[in-house]
Number of protein chains: 2
Amino acid sequence: MLVTMPTSKPVPASRRSDATRAAILDAARERFATEGYERATIRAIARDANIDPSMVMRYYVSKEGLFAAAVSVDLELPDLSQVPREAVGRALVTHFLAMWEENEVLTALLRVGATNPAGAERMQGIFRDQVLPVARQVCPDPEGAPARAALVASQLLGLALTRYVLRFPSAVELDREEIVAWLGPTVQVYLSSAHP
Amino acid sequence: MLVTMPTSKPVPASRRSDATRAAILDAARERFATEGYERATIRAIARDANIDPSMVMRYYVSKEGLFAAAVSVDLELPDLSQVPREAVGRALVTHFLAMWEENEVLTALLRVGATNPAGAERMQGIFRDQVLPVARQVCPDPEGAPARAALVASQLLGLALTRYVLRFPSAVELDREEIVAWLGPTVQVYLSSAHP
DNA sequence: CGAGGAAGTCAACGCGTGTTGGCAAACAAT
DNA sequence: ATTGTTTGCCAACACGCGTTGACTTCCTCG
């Protein structure tokens with residue numbers, strides 16, 4: 001007899017609708033990234049995914065639920081204790097650029113965070129849970145970590161803002177190596193230099 | 001005969017409705033700054049200004065017209081040729097902080113620019129017409145000015161983003177002198193240091 | 001085959017939005 | 001006092017939104 005993938009009755013390990021669910025998530029990520037929360041309509045997302053708007057509701061309950069499912073961020077920050085002290089800045093900037101360019105979720109979150117209170121809280125959470133710990137691990141003075149992490153975040157998010165959201169031509173035209181060469185030392189100073 | 005203020009018939013220099021017009025603009029600026037373009041509704045703005053929504057339309061034609069009238073930005077960038085070469089970075093950061101904290105229009109524009117295409121274009125225009133010229137005036141290599149200006153903008157807008165829009169606690173708690181001390185040298189490097 | 005449930009479509013609801021035109025009051029000028 | 005204009009309110013329109021429930025179609029398993 002022909003053996004199909006799922007073996008258990010109660011919890012089908014893979015559903016027939018998985019393709020549709022994924023299509024919805026893809027379309028949602030794209031719309032949220034390019035238009036923000038309010039302008040990205042469920043109807044438009046459904047159209048992109050070639051299904052009826054009501055399917056989005058069935059699978060993700062509400063627009064908020066869809067956003068929560070579509071936008072989950074893991075910065076995958078590397079273990080900086082392995083990296084030589086003086087190369088930390090460049091390593092971080094390189095990593096950030098790579099993450100941002102391969103992952104439209106980050107742009108979506110930044111766009112939404114700028115107008116939506118829940119989006120802003122989400123970004124605060126990522127900063128607190130993923131960026132701050134790394135800063136604590138690297139920087140010399142433990143009590144100065146929040147300030148140093150905030151400075152690093154301001155420079156990196158500012159680059160993302162001007163380059164991927166506002167799309168200032170001058171920022172878009174910078175190439176990655178150039179960015180690393182300029183921002184690397186800055187981040188390095190913010191993280192490890194003595195208070196100026 | 002009694003002479004009233006306006007002397008000419010066709011263009012009354014001051015109208016009786018000026019107070020209302022100003023109240024609308026104030027309310028609009030506040031709403032746009034705190035909620036962005038789409039969430040700031042004409043009805044809410046009218047409620048804040050204690051008038052009927054239809055008055056907003058009569059005076060400003062459309063929501064877009066209201067936004068255009070409410071948000072006009074002059075960065076008032078100082079003449080940097082008067083400032084000693086090595087103090088330019090700190091001077092710029094200080095000026096930016098002052099402008100941003102006294103003027104909610106800038107926050108409004110940043111919020112709107114992140115979700116609204118027209119808002120983004122508006123910010124590009126400000127960058128092109130107000131920031132770029134100053135960079136050209138200051139930095140050593142003429143052809144490097146756009147890149148240098150973009151770097152400066154990324155750092156300054158990133159600070160505004162994390163501090164005034166996303167309100168990261170660590171960024172909000174920084175005090176102004178501290179920010180000047182950290183960002184001043186960064187901006188200085190971006191503007192005048194040799195390509196690294 | 002036939003039953004049962006999952007996947008998907010369709011039409012509609014209630015709501016809030018930007019926007020419009022008509023009408024009452026307040027003021028200005030003759 | 002009477003006219004005309006400005007200032008304002010009110011009620012309504014058309015539209016698009018998120019969301020809902022009933023209905024058809026398709027697959028899968030006895």
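Note: hydrogens, waters and symmetry copies are ignored here, and every other heavy atom, side chains too, is used. Per chain, numbering begins at 1; letters A, B, ... match sequence-line order.
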Q: Look at B/Thr20 and D/dT7 and indicate whether a side-chain polar atom (N or O) is within less than 4.0 Å of OP1 or OP2.
A: no
Q) Quick one: A/Ile45 CD1 to D/dT19 C1', roughly how many Å, whole number? A) 14 Å
Q.
The side chain of B/Ile42 is closest to which nucleotide in this list: D/dT7, C/dG18, C/dG5?
A. C/dG18
(Q) Base of D/dG8, side chain of B/Arg58 - is there a donor-acceptor contact under 3.5 Å? (A) yes
Q: Output the single nucleotide from D/dC17, C/dT19, C/dC10 whose closest atom is nearest the side chain of A/Thr41.
A: D/dC17
Q.
Rounded to whole Å, please give me the gap between OH in A/Tyr37 and P in D/dG18.
A. 8 Å
Q. Is the shortest side-chain N/O distance from A/Ser17 to OP1 or OP2 of C/dA6 below 4.0 Å?
A. no
Q.
Tell me the interatomic distance from A/Arg39, atom CZ, to D/dG16, atom P, rounded to whole angstroms.
A. 14 Å
Q: Please tell me which of A/Arg43 and A/Asp52 maps to the more 5' nucleotide of DNA chain C, matching each residue to the nucleotide holding its nearest heavy atom.
A: A/Asp52
(Q) Salt bridge check, A/Glu101 against A/Arg163: does any charged N sit closer than 4.0 Å to a carboxylate O? (A) yes
Q. Taking atom C1' of D/dT19 as reference, at what distance in whole Å does atom CE of A/Met57 sit?
A. 5 Å
Q) From C/dT19, C/dC27, D/dT19, pick the nucleotide closest to the side chain of A/Pro53? A) D/dT19
Q. Is a side-chain donor or acceptor of A/Arg111 paired with a backbone partner of B/Ala114 at a separation under 3.5 angstrom?
A. yes
Q: When you get a sec, tell me which of C/dA7, D/dT7, C/dT19 is the closest nucleotide to the side chain of A/Met55?
A: C/dA7
Q | Spacing of B/Arg16 atom CZ relative to D/dG4 atom C1', expressed in whole Å | A | 13 Å
**Q.** Close side-chain approach of A/Phe168 to B/Leu157, heavy-atom, < 4.5 Å
**A.** yes
Q.
Between A/Glu35 and B/Thr115, is there a side-chain donor-acceptor contact under 3.5 Å, judged purely by atom types and distance?
A. no
(Q) For the residue pair B/Tyr190 / A/Thr186, report whether a side-chain donor-acceptor contact shorter than 3.5 Å exists. (A) yes
(Q) Does A/Tyr59 reach a base, just sugar-phosphate, or nothing at all? Heavy atoms under 4.0 Å. (A) sugar-phosphate
Q: Answer yes or no: does a side-chain N or O of A/Ser54 lie under 4.0 Å from OP1 or OP2 of D/dT20?
A: no
